[in-house]
*Asks:* 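Pasting a structure here, questions to come.
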Amino acid sequence: MTGSKTDISNADAPLHVELGARSYDIVIGQGLIADAGGRIGALMTGSRAVIVTDDNVGPLYLPRLQESLSAAAIQHASITVPAGEKTKDFNHLQKLTDELLAARIDRSTLLIALGGGVIGDLAGFAAAITMRGIDFVQVPTTLLAQVDSSVGGKTGINSARGKNLIGAFHQPRLVLADLECLDSLPRRQLLAGYAEIIKYGLINDPQFFDWLEINGGAVTDGDKAAQHHAVLTSCAAKAAIVAADERESGVRALLNLGHTFGHALEAETGYDGTLLHGEAVAMGMTLAYDFSQTLGLCSGRDCERVRSHLNAIGLPTKLGDLAAASSTAGWTADALITHMALDKKAENGKMVFVLARAIGDCFINRDVSIDQLRAFLTNALTEKN
Ligand code: NAD
Ligand code: ZN
């Protein structure tokens, strides 16, 4: 394996997210759920835990986790919520907090989020606000959650007015990323998570992107060594950015590469499942590179590399194809721009874009001309494979 910018000298040692009193470890490996009790018990102040999971993940991994907690003499209860993005709303948050209180939790009870990003965001937010904040542990079971959502402490739910608009920063006490979970993940979900992995290479680690061009297929085909390297490098990249800027007042915004475009596409589909978040991000990263080229910032060769790697993995890269396949007829540049302006990343009415100078060289730009953006999107909407 070629190296990457991130220094991962001992691949088996936990990664550390350095945030002073809120610091924590990320452990990546196989069999971590079966072995979770010891690690979780070591950081508990009380003796009770409540596991929150969804109805896809529960049947697959809950018994394993329960056994491990029992073996470590940790008392536990579990709450199962419906799988899917719709569960990240006020109704389910209310129900979940109510069930937590009915289970007579106290301030020393630990919450364990066992599932994908939906469970991590919902359970993490419940942990942030119940009894003014209890500890929680992330056990991410999707690739997206392992490389992105479980790290960094952003928790929350969606509002009828948009995604992730209600939430809190609440860092987990520990992240356990068990690579075995990826074997049961539907391929489409795996590929969507892979889009966020590519993102880290594109932002500031060109060697990692080189590595992914060679080894990306092994990652998505289930090769554990390749998955370990990809998840570790991604988490190390995210941990470094979060440690530098926990609340996104600066450099953390780089993690939104592809997301300003991507969120607009997700909003346009009405979150109906036509487009998974990672698929929208893949499309969004292609658009961010192509737009950068249009602005004279980045070479066509780099845009082509981004597009062909995403294509090779099986992720969407042509906006025209997506628009044509969407159940919502009539995507327009102006409709997409309206979503972008409403995105919570917009500041004082200005859209914040992550643009590229090259692969591994992205930067934050707050001065995009709406006219250039409209012309670019109008053109991209008619482009097809
Ligand atoms: P998800 O949690 O909905 O999981 C996707 C699907 O896979 C679900 O149906 C789930 O039940 C199923 N699943 C999960 N693990 C499985 C496994 N091991 N085997 C089989 N099926 C499994 O979605 P996701 O893609 O993990 O996360 C998306 C969410 O994450 C979005 O709500 C997004 O806003 C959020 N997110 C948050 C952050 C953050 O920093 N907090 C970052 C990125 C994304
Ligand atoms: Zn994302």
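Both ligands and their constituent atoms are indexed starting at 1 by order of listing. Just the heavy atoms: all of them, side chains too, but no hydrogens, waters or symmetry mates, feed the values below.
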*Asks:* State the atom name: nearest N, O or S atom of His277 to the Zn ion (ligand 2).
*Replies:* NE2
*Asks:* How many angstroms lie between CG in Leu122 and CD in Glu85, if you round to the nearest 0.5 Å?
*Replies:* 10.5 Å
*Asks:* Ring-plane angle category for Trp211 and Phe208, please: parallel below 30°, perpendicular beyond 60°, tilted otherwise.
*Replies:* parallel
*Asks:* In Glu196, the N, O or S atom nearest to the Zn ion (ligand 2) is which?
*Replies:* OE2
*Asks:* Please confirm whether the backbone N or O of Arg305 pairs with a side-chain atom of Asp302, one donor and one acceptor, at under 3.5 Å?
*Replies:* no
*Asks:* Considering only heavy atoms, which protein residues lie less than 4.0 Å from any atom of ligand 1?
*Replies:* Asp54, Asn56, Val57, Leu60, Tyr61, Ala83, Glu85, Lys88, Gly116, Gly117, Val118, Asp121, Thr141, Thr142, Leu144, Asp148, Ser149, Lys154, Lys163, Asn164, Cys181, Ser184, Leu185, Pro186, Gln189, Lys238
*Asks:* Within the supplied structure, the quantity of interest is the number of heavy atoms (other residues, nucleotides, ligands) at a distance under 6.0 Å from Glu18 CD; does it exceed 12?
*Replies:* yes
*Asks:* Can you label the angle between the Phe376 ring and the Phe291 ring as parallel, tilted or perpendicular, going by 30° and 60°?
*Replies:* tilted
*Asks:* With sequence neighbours excluded, what pairs up with Ala168 under the side chain to side chain contact (heavy atoms under 4.5 Å, CB included) test?
*Replies:* Phe125, Ala128, Thr155
*Asks:* Examine Arg357 relative to Phe363 and say whether NZ or CZ is less than 6.0 Å from the centre of the six-membered ring and inside a 45° cone about the ring axis.
*Replies:* yes
